[in-house]
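Report on the structure given below.
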Amino acid sequence: MSASNITSTHPAVFLLIGIPGLERLHVWISIPFCFAYTLALLGNCTLLFIIQADAALHEPMYLFLAMLATTDLVLSSTTLPKMLAIFWFRDQEINFSACLVQMFFLHSFSIMESAVLLAMAFDRYVAICKPLHYTTVLTRPLITKIGMAAVTRAVALMTPLPFLLRRFHYCRGPVIAHCYCEHMAVVRLACGDTRFNNIYGIAVAVFIVVLDLLFVILSYIFILRAVLQLASQEARYKAFGTCVSHIGAILAFYTPVVISSVMHRVARRSAPHVHILLANFYMLFPPMVNPIIYGVKTKQIRERVLGLFLRKDV
């Protein structure tokens, strides 16, 4: 048999069709997507610039915020440019290896974001429940270790996926009914026994969401108890006010995850574009709103942002 007649076990490219059923509206759908991505880029880059430039903000809370902004930038940039290329230019092809790389970064940085939000909950717990030990507990070496642990956990959990997907023969065609290469969307095209991939994907998702969210909730139980023990109402309001931005970021990240999970189980027969729009909302919403939440609710960030604009006007 000649080399030209030998077929590979996977297609050279996949075809991302965007939002099935709404192809005619892709150009219109791209407008809010592009606006949200632009806000995410501007907001998170501004946060990173302000935190890097101002030595007074080189504190644990703002270092964790810089980690969150970096994660949001990568997470949105992993999917949005290709999505906009699909909507605007019908550039649906994506190389098989590029698809696996996109999937790896997408899921890895989602896991990292969950870990950073957990670290920020720990930061608020120490600041409110053990304020006298704040600077001795949250040292630079510990913050570095927390960041490295978040990266290591995500990479360790996601590294097996590309290798698992490479071993399949994709006999169901190269068309992915999605805007990006999501793990289960690729698995659905594979032939053979995919049970391990299904179980592994679900187990990782449940493990991350349940474990991280459980520790976040426990942190806030201790925080709430400490706040309620403060003598004056003004002190209670001030202490809990430092948590408002973080609570907003938690809701922005986990609410779309919960809604999407519920929809997959309750509304299985709903149109595919409903689930895909929810998945896209999950990719776009946290990177877009997190800088707004912290910019509006955090005095130090708000003052630095206003200072940038005032200096430009002078």
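FYI, the numbering just counts along the sequence from 1. Here the structure is a predicted model, which is why all the values come from computation and not from measurement.
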Just wondering, are more than 12 heavy atoms of other shown residues or ligands nearer than 6.0 Å to CD in Gln52?
no

Testing Phe89, Trp88, Phe87 for ring pair (Phe, Tyr, Trp, His ring centres under 6.0 Å) with His26, which one passes?
Phe87

Do Ile86 and Val13 belong together in a cluster built from hydrophobic side chains that touch within less than 4.5 Å?
no

When you look at Val216 and Phe122, which way does the side chain to side chain contact (heavy atoms under 4.5 Å, CB included) test go after all the steps?
CA-CA 8 Å; Val216 168; Phe122 175 66; over 6 Å; no

Between the side chains of Tyr134 and Asp123, is a donor N or O closer than 3.5 angstrom to an acceptor N or O?
yes

Donor-acceptor side-chain pairing of Tyr62 and Thr298 below 3.5 angstrom
no

Here the gap from Ile128 atom CD1 to Tyr125 atom OH, rounded to the nearest 0.5 Å, amounts to 11.5 Å

Under the 3.5 angstrom rule, does the side chain of Arg304 hit a backbone N or O of Ile50 as a donor-acceptor pair?
no

Please give me the minimum heavy-atom distance between Ala66 and Leu48, naming the atom from each residue.
O-CD2, 3.4 Å

Is the side chain of Lys82 donor-acceptor paired with the backbone N or O of Asp91 at a distance under 3.5 Å, no angle test?
yes

Compare all side-chain heavy atoms of Leu16 with those of Cys179 and state whether any distance is below 4.5 angstrom.
no

What I'd like to find out is whether the side chain of Leu57 reaches to under 4.5 Å of the side chain of Ile301, using heavy atoms alone.
yes

Donor-acceptor contact present, side-chain His183 to main-chain Leu161, <3.5 Å
no

Does Val244 share a hydrophobic cluster with Leu224, counting links as ILVMFWY side-chain heavy atoms below 4.5 Å and allowing steps through other members?
no

With a 4.0 Å cut-off, would you call Asp212 and Arg153 a salt bridge?
yes

For Phe96 together with Tyr170, are the ring centres under 6.0 Å from each other?
yes

For residues Arg140 and Leu63, report the shortest heavy-atom separation together with the two atoms involved.
NE-CD1, 3.5 Å

Pairwise side-chain hydrogen bond (donor to acceptor under 3.5 Å, both in side chains) hits with a residue in residues 92-108, at least two apart:
Ser97-Arg166

Could you state the interatomic distance from CZ (Phe109) to CG (Leu73), rounded to the nearest 0.5 Å?
10.0 Å

Aromatic contact, His246 with Tyr220 (centres under 6.0 Å)
yes

Pro286 vs Glu113 side-chain heavy atoms within contact, under 4.5 Å:
yes

Closest heavy-atom pair and its distance - Cys99, Val186:
SG-CG2, 4.1 Å

In Å and rounded to the nearest 0.5 Å, what is the CE to CG distance from Met283 to Leu278?
12.0 Å

So, do Phe33 and Leu80 sit near enough that their side-chain heavy atoms are less than 4.5 Å apart?
yes

Would you sort out whether Leu75 and Phe105 count as a side chain to side chain contact (heavy atoms under 4.5 Å, CB included), showing the intermediate values?
CA-CA 7 Å; Leu75 190 59; Phe105 275 88; over 6 Å; no

Minimum heavy-atom separation for Cys129 to Pro131, with atom names?
C-CD, 3.4 Å

Tell me whether Arg167 at atom CZ has more than 12 heavy atoms from other residues, nucleotides or ligands lying less than 6.0 Å away.
yes

How about Ile146 and Phe64: do any of their side-chain heavy atoms sit closer than 4.5 Å?
yes

Out of curiosity, Leu157 CG to Met112 CE, how far, rounded to the nearest 0.5 Å?
10.5 Å

Could you check whether any side-chain N or O of Ser30 sits under 3.5 Å from a backbone N or O of Val27, counting only pairs where one atom can act as donor and the other as acceptor?
yes

Could you check Ser77 against Tyr37 for side-chain hydrogen bond (donor to acceptor under 3.5 Å, both in side chains), going step by step and ending with a plain yes or no?
CA-CA 8 Å; Ser77 297; Tyr37 183 47; 3.0 Å; yes

Supply the atom-to-atom distance Thr194 OG1 to Leu165 CG, rounded to the nearest 0.5 angstrom.
10.0 Å

From CA spacing to verdict: side chain to side chain contact (heavy atoms under 4.5 Å, CB included), Ile223, Cys243:
CA-CA 9 Å; Ile223 288 169; Cys243 301; 4.1 Å; yes

Would you indicate whether the side-chain heavy atoms of Thr139 and Leu142 approach each other to under 4.5 Å?
yes

Mind checking the CZ-CG spacing from Phe14 to Leu189? Nearest 0.5 Å is all I need.
5.5 Å

Kindly determine whether Leu138 and Glu59 satisfy side chain to side chain contact (heavy atoms under 4.5 Å, CB included), including the steps that lead there.
CA-CA 9 Å; Leu138 283 168; Glu59 298 178 2; over 6 Å; no

I'd like to know whether OH of Tyr200 has more than 12 heavy-atom contacts from other residues, nucleotides or ligands below 6.0 angstrom.
yes

Check whether any side-chain heavy atom of Asn198 sits under 4.5 Å from a side-chain heavy atom of Met184, and report yes or no.
yes

Assigning hydrophobic clusters by single linkage (Ile, Leu, Val, Met, Phe, Trp, Tyr; side-chain heavy-atom cutoff under 4.5 Å), is Ile221 placed with Leu251?
yes

So, Ser232 and Tyr237: side-chain donor and acceptor under 3.5 Å apart, yes or no?
no

Nearest atoms (heavy-atom pairs only) where Pro291 meets Pro287
CD-O, 3.2 Å

I'd like to check Ile31 versus Phe35 (side-chain heavy atoms, cut-off strictly below 4.5 Å). Are they in contact?
no

What's the shortest heavy-atom distance between Asn44 and Ala69, and which atoms?
OD1-CA, 3.3 Å

Indicate if Tyr294 and Ile247 have the same hydrophobic cluster label, given that clusters are the connected sets of ILVMFWY residues with side-chain heavy-atom separations under 4.5 angstrom.
yes

Check for a donor-acceptor pair, side chain of Arg172 on one end and backbone N or O of Ala190 on the other, with a separation under 3.5 Å.
yes

Would a hydrophobic clustering, with Ile, Leu, Val, Met, Phe, Trp and Tyr connected at side-chain separations under 4.5 Å, put Val175 with Val187?
no

Crowding at CZ, Arg225 (>12 non-hydrogen neighbours, <6.0 Å)
no

